[in-house]
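These numbers come from a predicted model, not from an experiment. Basis for what follows: all heavy atoms, side chains included, without hydrogens, waters or symmetry-related copies.
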Amino acid sequence: MPGQSLIHSRVLCIDDDLAAQTTAGSRRIRAIVEALRERGVEVIESLSYEDGIANVVSDSAIHCVLVDWVLGAKNEASRAAGIELLRTVRKRNASVPIFLLADHSIAGQVTVEVASMADEFIWTLQDDPGFIARRVEAAVSRYFDTLLPPFARALVNYNRDAEYSWAAPGHQGGVAFSKSPIGRLFHDAFGETLFRTDMGIERGALGSLLSHTGPIGDSEAYISQVFGSDRSYSVLNGTSGSNRTIMAACIGDQQIALCDRNCHKSIEQGLALTGGIPVFLQAGRNRYGVIGPIHPDALAPAAIAAKIAANPLARQATSQRAVYSVITNCTYDGMCVDAKGAQDLLARSVDRIHFDEAWYGYARFNPMYRDRYAMRGDAKSHDDDGPTVYATHSTHKLLAALSQTSYIHVRDGRGAIDHGRFNEAYGSQASTSPLYALIASNEVAAAMMAGPAGEVLTQDAIDEAIACRQGVARLQRELAAKHDWFFTPWNAPEVTDPATGQRIAFADAPAALLAHEPSCWVLHPGESWHGFDALPEGWCLLDPIKFGIVAPGMNDDGTLAEHGVPGDLVTAYLGQHGIVPSRTTSHMVLFLFSMGVTKGKWGTLINTLLDFKRDYDANAPLAEALPRVLAAAPARYAGMGVKDLGDAMWAELRAGRMGHWEAQAYAQLPVPECTPRVAFQKLMAGEVELVPLEQMANRVVTVGVIPYPPGIPIVMPGENIGPADGAWISYLRVLQHWAETFPGFAKEVEGTIEKGGVYHVYCLKPKP
């Protein structure tokens with residue numbers, strides 16, 4: 001069997017005769033099970049269709065299903081349960097072999113639907129158990145051949161062949177590690193297979209990542225088919241590398257690039273790499289600091305032309321028409337734009353449109369996100385006269401690949417860049433010594449989404465997120481009825497059932513409605529919960545799996561109440577209990593419901609939030625409730641309780657007006673004085689100086705200044721940071737004071753260097 005050393009066969013056998021010992025049928029099914037086990041196959045025994053369904057849902061490592069088709073009472077209800085079992089299997093896995101077993105003729109009992117879902121029929125009293133076991137084993141072997149995508153299959157087969165190598169890497173399949181105590185510990189911790197499949201680029205049988213040939217080329221063609229692109233590229237240095245690759249291919253020196261200001265730092269790096277002139281497109285922010293999508297009016301040709309005309313650097317451009325544009329979709333907080341509408345608008349101004357979908361690689365596989373992602377529909381059906389469209393996916397974020405992995409997807413249109421040219425940009429960002437396990441995991445992430453499994457897996461994540469959201473909403477309502485506080489899920493407090501027009505409280509809405517009706521998640525105009533009233537109907541949808549909880553204390557108009565609960569304190573408490581949120585602001589804590597989240601995981605989250613409330617209300621001593629916080633600054637926090645610290649933090653948020661200055665810093669754009677590339681070159685040449693915050697007024701920075709959260713630049717390389725009392729320096733001053741006042745709670749501000757509690761930033765030297 002291919003890859004038998006790596007893959008252990010597992011068969012599910014559903015037959016109530018397994019519990020008996022005396023009938024001919026029971027003896028024969030037991031003989032079949034034993035014949036399978038003698039051949040090294042693990043057999044899971046199940047006595048009912050219902051238990052069989054439970055096994056199928058909970059165990060994806062079932063490689064064949066044997067079903068007694070005359071099980072149970074043999075009545076209409078029993079037959080319906082059997083059909084439901086087959087439907088469940090096929091809904092989750094289109095290709096796993098299914099054998100129908102019977103000890104007598106079942107003619108007339110098998111409908112067209114049942115026959116189409118089954119692969120083979122076995123008469124247990126007529127066929128030899130050993131023969132049946134071999135038939136099952138052959139079916140499993142064929143299944144493995146279809147299950148493993150091209151590169152994973154080649155890698156499994158390569159590992160099986162156990163060749164001797166005289167080439168790199170030097171550990172030689174892990175052997176070198178066995179010669180050192182620490183090396184042996186390292187080897188044993190990760191397992192032999194990782195090291196046996198780590199080899200150099202001399203292995204022609206596995207193809208080449210840089211030339212996209214052999215099994216690697218086949219793998220990328222497979223990924224392209226799954227994601228609906230004209231071509232796809234497997235990337236091993238994250239979506240940062242993917243974004244830089246696309247920008248290097250699309251943008252020349254002194255050419256205009258339309259860039260979403262709500263961008264990852266790799267966009268800044270791409271501008272430094274290419275010499276492009278950025279013209280930034282801004283998005284709105286709500287009272288919680290959530291960055292929304294770019295308004296469609298800002299994507300209209302007249303608005304873009306005005307933006308270009310107003311940019312002082314654009315006058316140096318080789319052309320006043322942009323050569324590239326990039327939109328972040330969906331945002332970290334879950335803002336999913338109408339990608340079709342955005343593309344149609346941008347296509348009137350630019351020929352190459354890049355959707356940075358790092359946190360959104362699953363969107364194609366669930367109808368919840370219809371028309372809200374880049375690679376919509378069938379690649380062959382797209383308009384060749386339309387723009388060239390790129391999408392980048394961090395497969396390690398919310399798909400199931402290893403860290404560092406990413407995809408680039410391309411649909412060619414106007415402004416298309418042929419593969420040969422594009423591959424030069426790709427090679428400039430890639431390693432010549434790739435880790436083959438990363439390539440395989442990237443491919444497996446695609447294979448997991450192929451066929452019906454993609455919708456099943458994404459729907460599971462949506463269902464779990466909705467269950468958790470409703471759990472929090474119900475607790476909040478129950479406590480509010482007692483005039484007590486709790487956290488609120490950030491979503492519409494009421495939804496509309498489109499079938500009846502009835503408005504329903506989110507906490508009471510049918511889970512099926514929330515899980516399958518996108519309008520429940522659309523940001524409708526006039527609804528105060530989201531704070532983006534200017535958005536037109538249907539433009540933006542909140543991704544259900546990006547679950548934000550709102551801590552109490554902010555009024556509907558964005559002002560702070562006299563008392564409130566700081567988000568940073570909540571996150572510190574969660575961390576103390578082994579729960580790590582995705583992101584924290586002063587008022588919201590964000591959790592990402594990936595395919596790996598379980599009911600137990602989110603149930604523990606809710607319990608821990610209730611524990612926080614208990615300790616906060618009781619003002620439990622930090623020594624008991626938050627010992628890590630106390631240990632970070634014993635003198636500062638001596639004698640304080642959880643509420644004492646929360647009250648002090650809240651008072652500082654009000655007095656320092658952190659939210660106000662954050663909003664101001666993102667509401668406007670600094671003046672650009674040189675391109676990011678010129679600023680970067682000056683930095684690398686040493687023609688800069690490290691300037692403390694209080695001396696930074698009106699200086700031109702040479703690095704991006706990026707506070708986390710939200711991880712979006714307030715000032716980009718080449719921009720003037722403004723006056724001492726302006727928004728950008730004032731916001732940094734508030735963050736610096738926060739870090740000094742609350743040790744252990746400092747916000748990360750990338751681009752700054754902290755010296756003696758003071759932020760310093762590299763700036764251009766003043767002109768003589």
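Under the side chain to side chain donor-acceptor pair (under 3.5 Å) criterion, Asp51 pairs with Ser46, Asn55, sequence neighbours left out. With sequence neighbours excluded, the residues forming a side chain to side chain donor-acceptor pair (under 3.5 Å) with Ser519 are Glu517, listed by chain and number. For Asp463, there are no salt bridge (charged side-chain N to carboxylate O under 4.0 Å, His left out) partners at least two apart in sequence or on another chain. Remark: Glu662 engages Arg285 in a salt bridge (charged side-chain N to carboxylate O under 4.0 Å, His left out) (not counting sequence neighbours). Contacts of Arg364 classified as side chain to side chain donor-acceptor pair (under 3.5 Å), with partners at least two apart in sequence or in another chain: none. Residues meeting the side chain to side chain donor-acceptor pair (under 3.5 Å) test with Lys91, sequence neighbours left out: none.
Between the side chains of His264 and Ser266, at least one donor N or O sits under 3.5 Å from an acceptor N or O. There is no side-chain donor-acceptor pair under 3.5 Å between Asp333 and Thr331. At a cut-off of 3.5 Å, with distance as the only test, a side-chain donor of Thr395 or Thr405 sits close to an acceptor on the other residue. A donor and an acceptor atom, one from each side chain of Ser394 and Thr239, are located under 3.5 Å apart. Between the side chains of Asn329 and Tyr373, no donor-acceptor pair of N or O atoms lies under 3.5 Å. Asp556 and Ser528 share no side-chain donor-acceptor pair at under 3.5 Å. Side-chain contact of Gln404 with Asn237: a donor-acceptor pair under 3.5 Å is absent, judged by distance alone. Residues Asp356 and Thr328 have side chains that never bring a donor and an acceptor to within less than 3.5 angstrom of each other.
At most 12 heavy atoms of other shown residues, nucleotides or ligands fall within 6.0 angstrom of atom NE2 in His563.
Judged purely by atom type and a 3.5 angstrom limit, Asn607 has no side-chain atom pairing as donor or acceptor with the backbone of Thr604. The backbone N or O of Asp644 lies less than 3.5 Å from a partner atom in the side chain of Asn619, making a donor-acceptor pair. Judged by distance alone, the side chain of His530 and the main-chain N or O of His524 form a donor-acceptor pair under 3.5 Å. Judged by distance alone, the side chain of Arg654 and the main-chain N or O of Ala561 form a donor-acceptor pair under 3.5 Å. No donor-acceptor distance shorter than 3.5 angstrom exists from the side chain of Glu464 to the backbone of Phe593, with no hydrogens or angles considered. A side-chain donor-acceptor contact under 3.5 Å links Gln470 to the backbone of Ala509. Remark: side-chain polar atoms of Lys546 are paired, donor with acceptor, to backbone N or O of Trp359 under 3.5 angstrom. Between the side chain of Arg469 and the backbone N or O of Pro544, at least one donor-acceptor pair lies under 3.5 Å. Proximity of a side-chain donor or acceptor of Trp490 to a complementary backbone N or O of Tyr288 within less than 3.5 Å is not detected. A donor-acceptor pair under 3.5 Å links the side-chain atoms of Tyr637 to the main chain of Pro743, judged by distance alone.
Nearest heavy-atom pair across Ser406 and His393 is OG-O, 2.9 Å. Here the closest heavy-atom approach between residue Lys613 and residue Leu479 is recorded as CE-CD1, 3.9 Å. Ala505 and Arg477 make their closest contact through CB-NH1, 4.2 Å (heavy atoms, listed as atom of the first residue, atom of the second, distance). Between Leu513 and Pro498, the closest heavy-atom pair is CD1-CD, 3.9 Å. Summarising the geometry of Leu590 relative to Leu592, their closest heavy-atom pair is CD2-CD2, 4.2 Å, with the distance given to 0.1 Å. When all heavy atoms of Ala739 and Ala746 are compared, the closest pair comes out as CB-CB, 3.5 Å.
In this structure, Leu535 and Pro293 have side chains that are in contact, with non-hydrogen atoms separated by less than 4.5 Å. Between Phe612 and Val570 there is a side-chain heavy-atom pair separated by less than 4.5 Å. Residues Val522 and Glu537 meet the side-chain proximity criterion, which asks for heavy atoms closer than 4.5 Å. Under the 4.5 Å side-chain criterion, counting only non-hydrogen atoms from C-beta, Ile714 is in contact with Leu732. Between Phe547 and Val597, every side-chain heavy-atom pair lies at or beyond the 4.5 Å cut-off. Cys336 is listed as a side-chain neighbour of Asp543, based on a closest heavy-atom distance under 4.5 Å.
Between His409 and Phe227, the ring planes lie parallel to each other; the angle is under 30°, not in the 30° to 60° tilted range. Ring planes of Trp650 and His587: perpendicular class, angle over 60° (limits at 30 and 60°).
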Legend entry - From CA spacing to verdict: side-chain hydrogen bond (donor to acceptor under 3.5 Å, both in side chains), Thr584, Thr571: CA-CA 7 Å; Thr584 303; Thr571 291; 2.5 Å; yes
Inset, instruction - I would like to know whether Ser582 and Tyr332 meet side-chain hydrogen bond (donor to acceptor under 3.5 Å, both in side chains); could you show each step before the answer? - result: CA-CA 9 Å; Ser582 183; Tyr332 199 88; 2.5 Å; yes
Inset, instruction - Could you go through the ring pair (Phe, Tyr, Trp, His ring centres under 6.0 Å) check for Tyr369 and Tyr362 one step at a time? - result: CA-CA 9 Å; Tyr369 309 104; Tyr362 49 86; 5.6 Å; yes
Inset, instruction - Assess whether salt bridge (Lys or Arg N to Asp or Glu O under 4.0 Å) is satisfied between Asp615 and Lys643, documenting all intermediate values. - result: CA-CA 8 Å; Asp615 286 346; Lys643 191 174 187 303; over 6 Å; no
Legend entry - side-chain contact (heavy atoms from CB on, under 4.5 Å) between Cys330 and Glu357, worked out: CA-CA 6 Å; Cys330 79; Glu357 296 181 344; over 6 Å; no
Inset, instruction - Just do the side-chain contact (heavy atoms from CB on, under 4.5 Å) check on Tyr666 and Ile712 with the steps written out, would you? - result: CA-CA 9 Å; Tyr666 286 106; Ile712 305 303; 3.8 Å; yes
Inset, instruction - Test Asp497 against Arg503 for salt bridge (Lys or Arg N to Asp or Glu O under 4.0 Å), laying out the working first. - result: CA-CA 7 Å; Asp497 184 342; Arg503 294 286 287 172; over 6 Å; no
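Rounded to the nearest 0.5 Å, atoms CG (Asp371) and CZ (Arg376) are 6.5 Å apart. Between the CZ atom in Arg370 and the CG atom in Asp338 there is a gap of 12.5 Å [rounded to 0.5 Å]. Atom CZ of Arg372 and atom CH2 of Trp539 lie 9.5 Å apart (nearest 0.5 Å). A distance of 8.5 Å separates CG in Asp59 from CG in Leu12, rounded to the nearest 0.5 Å. Distance check, rounded to the nearest 0.5 Å: CG of Leu542 to CH2 of Trp521 gives 6.5 Å.
Ring centroid separation for the pair Trp485 and Tyr616 comes in under the 6.0 Å cut-off.
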